[in-house]
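To keep things clear, I will list the structure first and then write my remarks on it.
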There are 2 protein chains.
Amino acid sequence: MGVTKSDKFTEEQNRLASIAKALGHPARIAIIQQLKEKDACNCGDFVKEIGLAQPTISQHLKELRNVGIIKGTVEGTSVCYCISHDTWKECRELFAEWFNVDLGCSCC
Amino acid sequence: MGVTKSDKFTEEQNRLASIAKALGHPARIAIIQQLKEKDACNCGDFVKEIGLAQPTISQHLKELRNVGIIKGTVEGTSVCYCISHDTWKECRELFAEWFNVDLGCSCC
DNA sequence: AACGTACATTGCAATATTGCGATGATTTTA
DNA sequence: TAAAATCATCGCAATATTGCAATGTACGTT
């Protein structure tokens, strides 16, 4: 019924899934890519670069904020967005551990 | 309108996003985790372990197959699922490259 | 105070996702 | 060949996501 049964899974599984979910849209990938190249950007920068409407970008920024990957600081009339180093480190370690497994599959 | 404008993004951005999206559900995380531990499983194994209905598991398996992370081989009346080593390597490298960046953010 | 700028929020329409019962397809077994 | 086992697909309901126009909010400028 369109609702994920997250109580069936461990916290780690849910955390990993929600981070992956946040990265699961090209606009959000593009936002982070721009942040990696430019250090800090405000909402208008993303709108210009990505070419989606301002409310749409704002919503994508909100989702990235919700999982903690980015954070925004109000600076006068604009908001400076940048990557959260702590969460970034958490993600890097989570995914590295996740993928860095010696797969011993012998069935195919 | 509920439809992702993927033509606005690069192929790499779309690829990374679709892999992340496939990982963006705890049931699919649990499926892969089980595959990492047990080498090979059939659909019934996942149903038993995860506790979702068989059609639901089957659909999650399909999505993982669509991005190439897993592959299934028919073995008699059952289907042997295992991780695709090629795509696994691709994912590992994509994410490692993606996260392994020296962030020089100085704004916050 | 009035206006402009920058961003968030609201409300809406279109589409996608999640989950499952019922049913279909395929292979093995009796 | 009939029955059983295993999985995929269909069809549906509930909910989530995507995108945007309109509007709200907060700060700076004149």
Side-chain angles (χ1 to χ4, degrees), chain A residues 1-9 13-14 17-31 34-35 40-67 70-82 107, chain B residues 1-9 13-14 17-31 34-35 40-67 70-82 107:
Chain A
M1 315 136 182
V3 65
T4 299
K5 302 198 164 177
S6 47
D7 53 306
K8 282 184 180 295
F9 307 99
Q13 287 170 336
N14 283 317
S18 61
I19 292 174
K21 191 176 182 182
L23 299 177
H25 192 291
R28 296 193 285 268
I29 294 287
I31 285 173
Q34 200 173 334
L35 278 179
C41 304
N42 50 37
C43 183
D45 292 340
F46 298 122
V47 174
K48 237 178 291 176
E49 190 77 26
I50 296 176
L52 291 174
Q54 180 265 321
T56 306
I57 295 292
S58 192
Q59 191 179 326
H60 284 304
L61 289 170
K62 188 180 182 181
E63 285 178 56
L64 290 173
R65 244 175 17 217
N66 284 343
V67 289
I70 66 173
K71 48 186 175 176
T73 317
V74 179
E75 276 188 0
T77 128
S78 128
V79 174
C80 166
Y81 278 103
C82 61
C107 79
Chain B
M1 316 139 182
V3 64
T4 299
K5 300 199 165 176
S6 47
D7 53 304
K8 283 182 180 292
F9 307 98
Q13 286 170 337
N14 282 317
S18 61
I19 292 174
K21 191 176 180 181
L23 299 178
H25 192 290
R28 298 194 284 269
I29 294 286
I31 286 173
Q34 200 172 335
L35 278 180
C41 304
N42 51 35
C43 183
D45 293 339
F46 298 122
V47 173
K48 236 178 292 176
E49 189 76 27
I50 296 175
L52 291 174
Q54 180 266 322
T56 306
I57 295 291
S58 193
Q59 190 180 328
H60 283 305
L61 289 170
K62 188 181 183 182
E63 285 177 55
L64 289 173
R65 246 174 17 219
N66 284 345
V67 289
I70 67 173
K71 48 186 175 175
T73 318
V74 179
E75 276 188 0
T77 126
S78 127
V79 174
C80 166
Y81 279 103
C82 61
C107 80

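Source: prediction; values computed, not measured. Here is how names work: the chains are called A, B, and so on, in the same order as the sequence lines, proteins then strands, and each is numbered from 1.
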So, for [X] and [Y], which heavy atoms are closest and what is the spacing to 0.1 Å?
X       : Y       : result
B:Pro26 : A:Ala17 : N-CB, 3.4 Å
B:Val67 : B:Ala22 : CG2-CB, 3.6 Å
B:Val47 : B:Leu52 : CG1-O, 3.5 Å
A:Tyr81 : A:Cys43 : CD1-N, 4.4 Å
A:Arg28 : A:Lys21 : NH2-O, 3.4 Å
B:Ala30 : B:Ile50 : CB-CD1, 4.0 Å

So, is [X] near the phosphate of [N], with a side-chain N or O under 4.0 Å from OP1 or OP2?
X       : N      : result
B:Tyr81 : D:dT6  : no
A:Lys21 : D:dT17 : yes
A:Asn42 : C:dC7  : yes
B:Thr77 : C:dT26 : no
A:Ser58 : C:dA8  : yes
A:His25 : C:dT17 : no

Given atom [atom1] of [X] and atom [atom2] of [N], what is their separation to the nearest angstrom?
X       : N      : atom1 : atom2 : result
A:Leu61 : C:dA8  : CG    : P     : 6 Å
B:Ile50 : C:dG19 : CD1   : C1'   : 14 Å
A:Phe46 : C:dA6  : CZ    : C1'   : 14 Å
A:Ile29 : D:dT18 : CD1   : C1'   : 16 Å
A:Leu64 : C:dA8  : CG    : C1'   : 16 Å
A:Glu63 : C:dC7  : CD    : P     : 18 Å
A:Ile57 : D:dT18 : CD1   : C1'   : 12 Å
A:Lys62 : D:dT18 : NZ    : P     : 13 Å

Please list, pair by pair, any protein nitrogen or oxygen found under 3.5 Å from a nitrogen or oxygen in nucleotides 20-22 of chain C.
residue	atom	partner	partner atom	Å
C:dC20	OP1	A:Lys5	NZ	2.9
C:dC20	OP2	B:Ala53	N	2.9
C:dC20	OP2	B:Thr56	OG1	3.1

Got a second to check how far [X]'s [atom1] is from [Y]'s [atom2], nearest 0.5 Å?
X       : Y       : atom1 : atom2 : answer
A:Asp45 : A:Ile31 : CG    : CD1   : 11.5 Å
A:Thr4  : A:Phe9  : OG1   : CZ    : 8.0 Å
A:Asn66 : A:Leu61 : CG    : CG    : 11.0 Å

Practice prompt. Could you tell me whether a side-chain N or O of A:Lys8 sits under 3.5 Å from a main-chain N or O of B:Gly51, the two making a donor and an acceptor?
Written response: yes
Fill in: Minimum-distance nucleotide to A:His60 side chain [options: D:dT9, D:dA16, D:dG19]
D:dG19
Worksheet, complete the sentence: Of the candidates C:dA16, D:dT18, C:dA6, the side chain of A:Ser78 sits closest to C:dA6
Worksheet, complete the sentence: Computed from five pairs at either end and rounded to 10 degrees, the angle between the axes of the helix from C:dA1-D:dT30 to C:dA30-D:dT1 is 10°
Worksheet item: 5'-most contact on DNA chain D: B:Cys43 or A:Ala27, nearest heavy atom basis?
Response: B:Cys43
Worksheet item: Looking across every strand, which nucleic acid part, if any, lies under 4.0 Å from B:Thr4 by heavy atom: base, sugar-phosphate, or nothing?
Response: sugar-phosphate
